[in-house]
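Below: one structure, written as structure tokens.
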Amino acid sequence: MTRQVDTILFNAHVLTMDEKLTQYSPGAVAVKDDRILAVGAEAEIRDEYEAAESVDCGGKTLMPGLVNAHTHVPMTLLRGLSDDLRLDVWLMGYMMPVEREFVSPEFVRLGTLLACAELIRSGVTTFNDMYYFEDSVAQAAADVGMRAVCGQTVMKFPAPDAPAYEDSFARAREFIMKWKGHPLIVPSVAPHAPYTTTPEILRETALLAREFDVPLHIHISETALEVENMRKDQGMPVVPYVKKQGLFEAKVIAAHCVHVDMGEIRTLKNHGAGVSHNPSSNLKLASGFAPVQKMLEAGLNVGIGTDGPASNNDEDMFEEIRLASFIAKTVSNDPTVVPAQTALTMATRLGAHALHLGDITGSLEAGKRADLILVNTSLTHNSPRFQRDPNNAYARLVYAAKSTDVSDVMVNGKWLMRDQKLLTLNEAELLEQAQVVARKIDAFLIEREQSVLSKLIALGGSMEEESFEVQVKVKIANPARVVEALNRPEIKIEAFKRYRQFDNYFFFDQEEQGRLRFREDDLINEKDETVNVRSRLTLLGRKREGRLEHDVLLSRSRFLAPAVHTLRFYREYFRPKEELVIEKDRLRWHIRYQETELFVNLDTMIKPDIGHFLEIKSRTWSRKDAERKAELANQLIHLLGASDGEIVTQDYTEVITEER
Ligand SMILES: [Zn+2]
């Protein structure tokens, strides 16, 4: 007696990707509703089942759909926006400012639909995502008919969808409650990374994931710098740190794991964490080489992911699978490691297990969901065909097939692509809408890049304020005389400090942009030791406001902020035309003179070695106050016995430039 099913796919080379890597050629698969009812030799399946729809696969490879184990799908809309930059400049300088400006539920939906078109075309049936407004990702994926694990991001920084951590946490909870139990969507919580969260965020998100029994998606040990900083701050590498916060109470999906040691690999294994290996992203951002072979040997579920399209720049899993194999071979200097069948298993069954979805997808087995694809492996670039070794079938897919060879895709028993035609998406319309968004982002960045000030503001978290600076600077021969004169009764010393100062001036093509100064102040104690280091960023107006009195200068500083990034970051972000480095030893007195607070700086120039300078300085917010202080500064120059010195206020940087 034959049993009725919905669809039978026959005349195929079936790669089940099950534990035994069973193949059937010619093979067939019977599908009823959302499930695979049977997989086997064609004759047996056709004997046993009768279908409403019979699909002749024409000898193509029939295999489980690919699992993209780590991505940020809405970032298709940022693809190719800025490349060839270091991770921090790329992320903090470009991605985050643009995201703050543009990312909305509509942006996320459009980006996701565009990504789904690309994913389906390249044979992906399940993806694991992490982004903002994840509800829109989930809705778009569900509308298209794709399977997805959708992770709502939680970070310590303000995000496009949450001004504070508490908001993103509330959003994550709401999101999980809404989507839990959906046939295609698995909601998850995504604390972005250990360095963008706090111990509290890690603990709370793990508890949330546990409460609803959903996965927790996080970036782990992506760069050597991340591990180095963690060791410095916490005295341990990243995996033990997150373990300490209770992260492994949840079903963890750890993206990257590039810089993990054997102990960390064992910890990940012991707690059943899944790993996503992202070869293109790691290569492009020069993050390093993940110990894939060691992780596989330890029995970890290592899947393969594309990472976001802004750091890859595509969602092509065939490319990732090939790279996963090639890189593992080269890095271990052994061409036998990660053979084709292993690489393909990572992209299917292991990937599904890494996402904690191994019981429903990742292989063609009776009872699992019908997530499957057809690949044409008889094209010119994949001919001829050898049958001798069963592994030839995997080699064809991993080493020669291209994503464009995928012809048909079914998810949850429903066709999403037939004969390379997308059935649930209007691709032309999506491309047009994406171009509209790209034009807007282009315009935003073009405007921003025109000014040093707006580039500074775009970094966020800084304060913009305009202030006046009263300054007189004199070259002196005898600093001891000034120190002595400071003891005069009419001068009251409020505080004294000694600094070693390192100034980097950035100069730009157009002078009206001003000069940007990165200053590192090292506070020195009596024992000549550095006790505190702080960095500040100041945008100095090029145009002087003019002289007050005869030798006192009034200048405007347009922007002042603590420098939260490294000098290297600012250099690569601002790309100055020229740079000037100054090093000096500064004695700094905070004094009161005629009921007015002023600063007296006595500088000994070290680099360039051009002697001693006395400077009287005060910052003020009103011009009238500036005029009064200018007069006092002038008097002080006389009082400190420096009136015979050469006034260099106006052309101080010119003096230094010449001496350089
Ligand atoms: Zn990522």
Side-chain angles (χ1 to χ4, degrees), residues 67-83 85-92 94-96 98-99 103 108 111-112 115 118-119 124 126-134 137 148-155 157 159-161 168 188-197 202 205 215-227 238 242 247 252-260 273-290 292 302-317 319-320 323-324 351 354-355:
V67 176
N68 185 345
H70 176 66
T71 183
H72 311 279
V73 285
M75 295 182 92
T76 42
L77 289 176
L78 304 176
R79 189 200 321 265
L81 175 67
S82 66
D83 293 289
L85 298 172
R86 242 176 277 276
L87 183 67
D88 57 358
V89 177
W90 176 80
L91 190 66
M92 316 278 186
Y94 289 86
M95 289 301 133
M96 286 186 162
V98 169
E99 285 177 333
V103 172
V108 167
T112 303
E118 188 185 357
L119 287 162
V124 173
T126 299
F127 65 89
N128 177 37
D129 194 68
M130 175 198 292
Y131 207 59
Y132 315 110
F133 298 110
E134 198 66 25
V137 175
V149 179
C150 297
Q152 170 64 37
T153 301
V154 182
M155 303 195 287
F157 305 122
D161 60 355
S168 59
S188 77
V189 61
H192 176 267
Y195 61 92
T196 49
T197 56
L202 296 177
T205 49
L216 180 150
H217 184 187
I218 185 169
H219 294 99
I220 294 278
S221 298
E222 180 174 359
T223 63
L225 182 69
E226 177 188 345
V227 179
V238 180
V242 298
L247 201 80
V252 170
I253 307 166
H256 297 299
C257 297
V258 176
H259 301 276
V260 288
V275 171
S276 175
H277 171 46
N278 313 294
S280 282
S281 170
N282 295 163
L283 285 174
K284 183 165 184 258
L285 300 173
S287 307
F289 303 105
V292 171
V302 185
I304 297 176
T306 55
D307 209 348
S311 62
N312 182 309
N313 293 357
D314 57 28
E315 298 265 355
D316 186 338
M317 278 293 287
E319 187 181 31
E320 300 303 319
L323 284 175
L355 306 191

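What you see below is based on every heavy atom in this structure, not just the backbone, and it leaves out hydrogens, waters and symmetry mates. One-based numbering, in listed order, for ligands and for the atoms of each.
- Residues passing the salt bridge (charged side-chain N to carboxylate O under 4.0 Å, His left out) test with Glu319: none are found, sequence neighbours excluded.
- Among protein atoms, those of element N, O or S found less than 2.8 Å away from the Zn ion (ligand 1) are His70 NE2, His72 NE2, His219 NE2, Asp307 OD1.
- Evaluation of the side chain to side chain contact (heavy atoms under 4.5 Å, CB included) rule for Thr197 yields Pro191, Ile201, Leu202 as partners, not counting sequence neighbours.
- Partners of Asp88 according to the side chain to side chain donor-acceptor pair (under 3.5 Å) rule, which considers only residues two or more places apart in sequence or in another chain, are Arg568.
- Under a 4.0 Å N-O distance rule, the pair Glu118/Arg79 qualifies as a salt bridge.
- Atom OG of Ser276 and atom CG of Asn68 lie 7.0 Å apart (nearest 0.5 Å).
- Salt-bridge annotation for Asp307 and Lys284: absent, with no side-chain N of the basic residue lying under 4.0 Å from a carboxylate O of the acidic one.
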